[in-house]
Amino acid sequence: MGDPKLQTSAPDDDIAKMTQCDAALTEHPAAHSSDVFRIDGLNVAYGNRPALRDVNLSVRCQRITAIVGPSGCGKSTFLCVLNRLTDLIPGCQVSGRVRLEGEDILSREYDVFVLRRRVGMVFQKPNPFALSIRRNLALPLKEHRVAANEIDGIIELSLRDVGLWDEVKDRLDQSALELSGGQQQRLCIARALALQPEVILFDEPCSALDPLAGSVVEDLIRELQERITVLIVTHNLAQARRIADDVAVFWHGDGTGTVIECGSAADVFESPTSEITAAYVAGARG
Amino acid sequence: MIESLSNPLLSANAQGWSLCRGGCAVMCAVLAVTFLSGCGAEPDSQAVVRDNGDIEPARGSGNLKLSGKLVLTGSSTVAPLAVEIAKRFETEHPDVRVDVQTGGSSRGIADALSGVADLGLASRALKKDEVEQGLVGHQLAIDGVSVIVNADNPLSSLTSGQVVQLFTGAITNWSELGGEDADVVIVNKAEGRATLEVFLNHFGLKNEQITADVVVGDNQHGIKTVAGNRLAIGYVSIGAAQSEADLGTPIRVLPVDGIELTTENVASGAFKITRPLLIVSKGEPTGLAAAFLDYAKSPQMHDLIRAQGFEAVTQ
Amino acid sequence: MRSQPRSAAADALTRTAGWAAVFVVLAVSGWLVGSVLGHGLQEVSWSFLTSEPLDAGRNGGIGTVLVSTALVLSVCLGIAVPLGVGAAVWLSEFARPSSRPVALIRRSLDLLASVPSIVFGLFGMVVFCQELRLGFSIAAGGLTLACMILPLVVQTTFAGLRSVPDELRLGAAALAISRSTALRHLLLPAALHGVVVGVMLGLGRAAAETAALIFTSGYVTRMPESLLDSGRTVSVHIYDLAMNVPGGEARAYASAAVLLCLLLIVNVAAAVLADRWLRHQTARVS
Amino acid sequence: MKQSRSNSWLNGDRWLERLLRLAAAMSGCLTLLIVAFVFWQALPALRDPGVARFVSDSVWRPTDETAPQFGMTPMLVGSGLVTLGAVLLATPLALFSVIVAEFYSSRTLAWLLRRVLELLNGVPSVVFGFWGLVVLVPLINAWHPPGQSLLAGILVLTLMLIPTVALATDASLRAVPNELYRSAAALGIGRGAVVWKLAVPLARRGMVAGVLLGAARAVGETMAIVIVCGNIVQMPDSLFDPVRTITANIALEMGYATSGHRAALFATGLLLMLTSSLFVAGAGLLRRRRGRR
């Protein structure tokens, strides 16, 4: 994976996969060859307190899947399971099966470093490191043994991808903390993109930004969809309607979250099967 | 949440006992390594001294080449003097190293007994049980104990009886002795100090009879306390008191029973509140230790002894 | 803290109380430090700094004593800093916070901090000088001091690391950055002030220590030839002159003034270096 | 190929972890070693007069040939009072100074303050004691003799604690990222609120650590206390009464103590460590309970 050749060839693989992608909605929970993630019977608990119960979901390749639902229903926890950031939380127990292209990522043998490289993540609050803009991107690249002579190229490419290059190309060696909030968030996305992930998880990426910066990030996410599978947690139903191909609605009962509805955005928003979903998305309509 | 997130851990479970065991093992290993290196270093200190046992006839003569290392530990009162003697000894015998360490008379005695030190330093006479264990005291110098008051105190002398009354609380106000109308502040020495024992013995007191207001440790501590308190009365080593008074520290040495507390009076025995300053050896010393002891007791050392405010013993 | 004063009033109160506190602290420290320097500096000369003590310290200088001090402190910091920072990093970044070893180690370090220094001295004397046959030596003194300042280094470094926000750790993990890299480039720089403060506090305490050293590194004023030689440190020298040598007060002040000046130089150097390193870390071109 | 590479990263981490764990374990074991050492030295006294006598005897007279007495309570109280007083005085002074340095002052003054505190931290305790004896004690004496007193001890110790508490607090305040303050200011939150509701809670851990370290230093401090506290073994009735702390007692008598007396001194040291560890444990419990609420 660290081999630059492999990296440059990765997009080709993605294109190949895209051609296999079925435009039709995947029937839940049936298997589908184009599914990136298949989650079966996922349970998560913090100590004795269950947080997610029996989550079943498939995530389609090169689509934007929006995860919506009220606060505290385990959406962010769910994202953290997908790149095993849950490992970092003491007392967090995860059971069930989460398969990334057929491989069970929850198994002990599965290498989390490989997983996190394949599945990038962007957080709600921009979290650039207290380093220069350049080093923010270079540090993870070096960590993944990307050849030194390629790093500058990848940095430029990634910054161009997020539309930041022209804004920062003259001050790459200044602290990333001097950027504005929106710029910081785009830097974080660029940082994730630089590692050529197959999937990017967004945890409410726009909610800490002003509306203008938020819409820039939103547009960016929509562009990414052409190359990468996107999972996005959002409170903003309007945003979900604007960008999502598929939608999964999380709800909580007895303090435990679960998926109550999933499907294409059109289906979920226009003809929800569950009454709760109907009531919930009514907010988005109104 | 912050609390619960606060320790990122990639499934590395810390097992308490294996941890402790590992730690102990490493600790032992480290100790062992240091131990070995310590052993390696030892011969050039102790063994040489032992070698010197063979040239014992050289006692006291500076002509014969002495070499090796001598360790002296003990009384903080004697230590500065011992350092000066050691320095002079080293210049005469360039291959000899004499290390002086402090820590109190009891330590000097204990170290001489256990062999940690070649010679011990003590600022009091040996007790009976210490002599029974084979310790020999070699008197290096003599030190007097004098009563001191603040320089503002109008008193010019005291009788033994007055000292006893003051320290036992029979007199609590300076006006009873013709001073100002204020409470006396008694400065006593801490348990175990040689000065305390000498003082108590001389006046026939017991420590629990003394109604102390302040308890001090070292001589300088007592001097500074009396210097800073108009109403204080205490007792300290005479050499220290005199040299401080000469330097302008606001204290005054009070003659007791009319005997001026000069070092000459101490030397002649006219002044009786005295204590011996000893070098202690286990059995009769041999080799380097004996050479050093003879040197220390020789009359050439008298200037050093007086420079430290003590009185030399004239035999 | 629990009361919720109105912001403006709280601000004014905090400001007043704060400046009062600063005034008290500066005034009293100034008084103390000023009186030491005032009494001491007039005695300080080049020959005082380079020559050997004479006449129990009343004459001569403190050259050999300074050398011994430097050696004892080097041994002490050379052991306590790696050990202490390492332990703090493990406690903060690797161990579970509620696990028994962590609680045990932290509790025991708290206990260690309250051991009277004279007990450390006796411990050092028995363990390092006698059992390990180091004798009265600079090595034994340094080891004893290392034991003494260890809690200080661990606790301040630990506190510094714990104040680093967890987003940084999650962000690094999401980019599949290994913990060694995250520590070196992200966490330790962020906690640098804690580490530096820990080391500085430890250094100051070690330089100021008397009781523990009288029993271990000893009282000898000769120029040390190796770490196995006994050597008197400045604070032991000050103690001896002030409390044990009649007429030693002037030289005690002079030695204290020298000690303070040296500490000031070391502290300023450390502060400047830490700042510069932080800036360098931010801006370094990869 | 993926596997082997990533495993090498993991191995790096694993080795680092082992190394660090070793460091932590060694630190822990060191304490065990010291406690064991003190216990071993104190054992004769724990056996012979026995622990009960430490509390039940009314006076401390360990060298009496006929009826030695081993009452440690007044000295334990002395240690406790001196520590308590110094911590109560030093904590607000340190905390407020640090807050000023961080939020209210120019960078130059903050820098200066930090250097002064570091300098103060490196002043040998004998210098504190000497200064206290020459300057502070005569002042107190003029007010209420004999001057060497609980109060003098508390004041000198306060001065010694301020750097420890302040610098530890400062370090954790500075570790709170600046944007946090900036964003709070941007939201129109006043500085007072930023300080008390944002910065102080975030840096709480460092503060508590600082105060605990300071308290521990206060408990263990010897030289300065010996010089200014007067060292009379008694229950003080007022701030102006002299007291003897356990550490002062050890320092005063250890150099002159033999066998049984020496063991008794170690026993006082052990008692001191146990008491202070109980307090630390109690503080920890309190913290945890409040954290849960």
Side-chain angles (χ1 to χ4, degrees), chain C residues 1 7-8 10-11 14-15 17-19 21-22 24-25 28-29 32 83 86-87 89-91 94 105 108 110-119 123 147 150 154-156 159-160 162-164 178-180 191 193-194 197 200-201 204 207-208 210-211 235 238-239 242 256 260 263-264 267, chain D residues 9 12-13 16-17 20-21 23-24 27-28 30-31 34 37 93 96-97 99-100 104 115-116 118-127 130-131 159 162 167-168 171-172 174-176 190-193 195-196 200 203 205-206 209 212-213 216 219-220 222-223 247 250-251 269 273 276-277 280:
Chain C
M1 253 176 278
S7 189
D11 192 43
T14 313
R15 182 201 296 264
W19 281 109
V22 168
V24 170
V25 170
V28 183
S29 334
L32 180 98
L83 200 62
V89 167
W90 187 78
L91 289 172
F94 290 86
I105 290 174
S108 66
D110 282 333
L111 187 63
L112 203 58
S114 68
V115 175
S117 56
I118 193 167
V119 172
F123 169 80
C147 301
L150 193 66
V154 176
Q155 303 288 39
T156 24
R162 296 282 13 120
S163 311
V164 176
S178 69
R179 274 188 295 176
S180 20
H193 286 294
V197 163
M200 285 299 114
L201 274 173
T210 314
S235 51
I238 295 169
Y239 173 75
L260 288 190
L263 273 176
L264 188 66
N267 286 339
Chain D
W9 299 332
D13 264 8
L16 180 75
E17 209 228 301
L20 296 175
R21 192 195 285 201
S27 311
L30 191 64
T31 324
I34 287 182
F37 167 77
L93 278 175
F96 276 105
S97 307
I99 284 173
V100 164
Y104 289 88
R115 300 295 90 76
V116 168
E118 282 169 0
L119 203 58
L120 204 59
N121 175 59
V123 174
S125 49
V126 60
V127 173
F130 200 76
W131 179 81
L159 200 53
I162 287 173
L167 290 174
S172 46
R174 290 177 86 184
V176 177
R191 201 159 39 171
V195 169
W196 293 112
V200 170
R205 197 185 288 268
L212 279 181
L213 275 177
V219 169
T222 311
M223 289 290 182
T247 50
I250 294 175
M273 283 160 69
S276 58
S277 74
V280 170

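Naming convention: chains lettered A, B, ... in sequence-line order (proteins, then strands); numbering from 1 in each chain. Everything numeric in this text was worked out from a predicted model, so none of it was measured.
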Can you tell me how far CZ of D:R115 sits from CE of C:M200, rounded to the nearest 0.5 angstrom?
-> 9.0 Å
Out of C:S29, C:A191, C:G160, which one racks up the most heavy-atom pairs below 4.5 Å with chain D?
-> C:S29
Highest number of heavy-atom pairs under 4.5 Å with chain D among C:I118, C:L201, C:L263 belongs to C:L201
Proximity breakdown for D:L213 and chain C, heavy-atom pairs closer than 4.5 Å = side chain
Is it the side chain or the backbone of D:L167 that comes within 4.5 Å of chain C heavy atoms, both, or neither?
-> both
Side chain, backbone, both or neither: which part of D:L120 has a heavy atom under 4.5 Å from chain C?
-> side chain
Examine whether an atom of D:L159 lies under 4.5 Å from a heavy atom of chain C, and if so say whether it belongs to the side chain, the backbone or both; otherwise answer neither.
-> side chain
Closest heavy-atom contact between C:W90 and D:A24?
-> CE3-CB, 3.5 Å
Per-residue tally against chain D (heavy atom, under 4.5 Å) across C:T156, C:V154, C:L32 peaks at C:L32
Max heavy-atom pair count under 4.5 Å with chain D, selected residue of C:G86, C:A159, C:A256, C:S235 = C:G86
Contact part of D:V123 toward chain C, heavy-atom cut-off under 4.5 Å: side chain, backbone, both or neither?
-> both
Which region of C:V25, side chain (C-beta onward) or backbone (N, CA, C, O), has a non-hydrogen atom less than 4.5 Å from a non-hydrogen atom of chain D, or is it both or neither?
-> side chain
Taking atom CG of D:N121 and atom CD1 of D:I162, what is their separation to the nearest 0.5 Å?
-> 12.0 Å
Between C:A17, C:A211, C:A208, C:A207, which has the largest tally of heavy atom pairs under 4.5 Å with chain D?
-> C:A208
Go through the atoms of D:M273 and report whether side chain, backbone, both or neither lie under 4.5 Å from a heavy atom of chain C.
-> both
Part of D:Y104 lying under 4.5 Å from any heavy atom of chain C = both
Using non-hydrogen atoms only, which part of D:I34 is less than 4.5 Å away from chain C: side chain, backbone, both, or neither?
-> both
At a heavy-atom separation under 4.5 Å, does D:S277 approach chain C through its side chain, its backbone, both, or neither?
-> both
Is the shortest heavy-atom distance from the side chain of D:T31 to the side chain of C:V115 under 4.5 Å?
-> no
Answer with side chain, backbone, both or neither: which region of C:L112 has an atom nearer than 4.5 Å to a non-hydrogen atom of chain D?
-> both
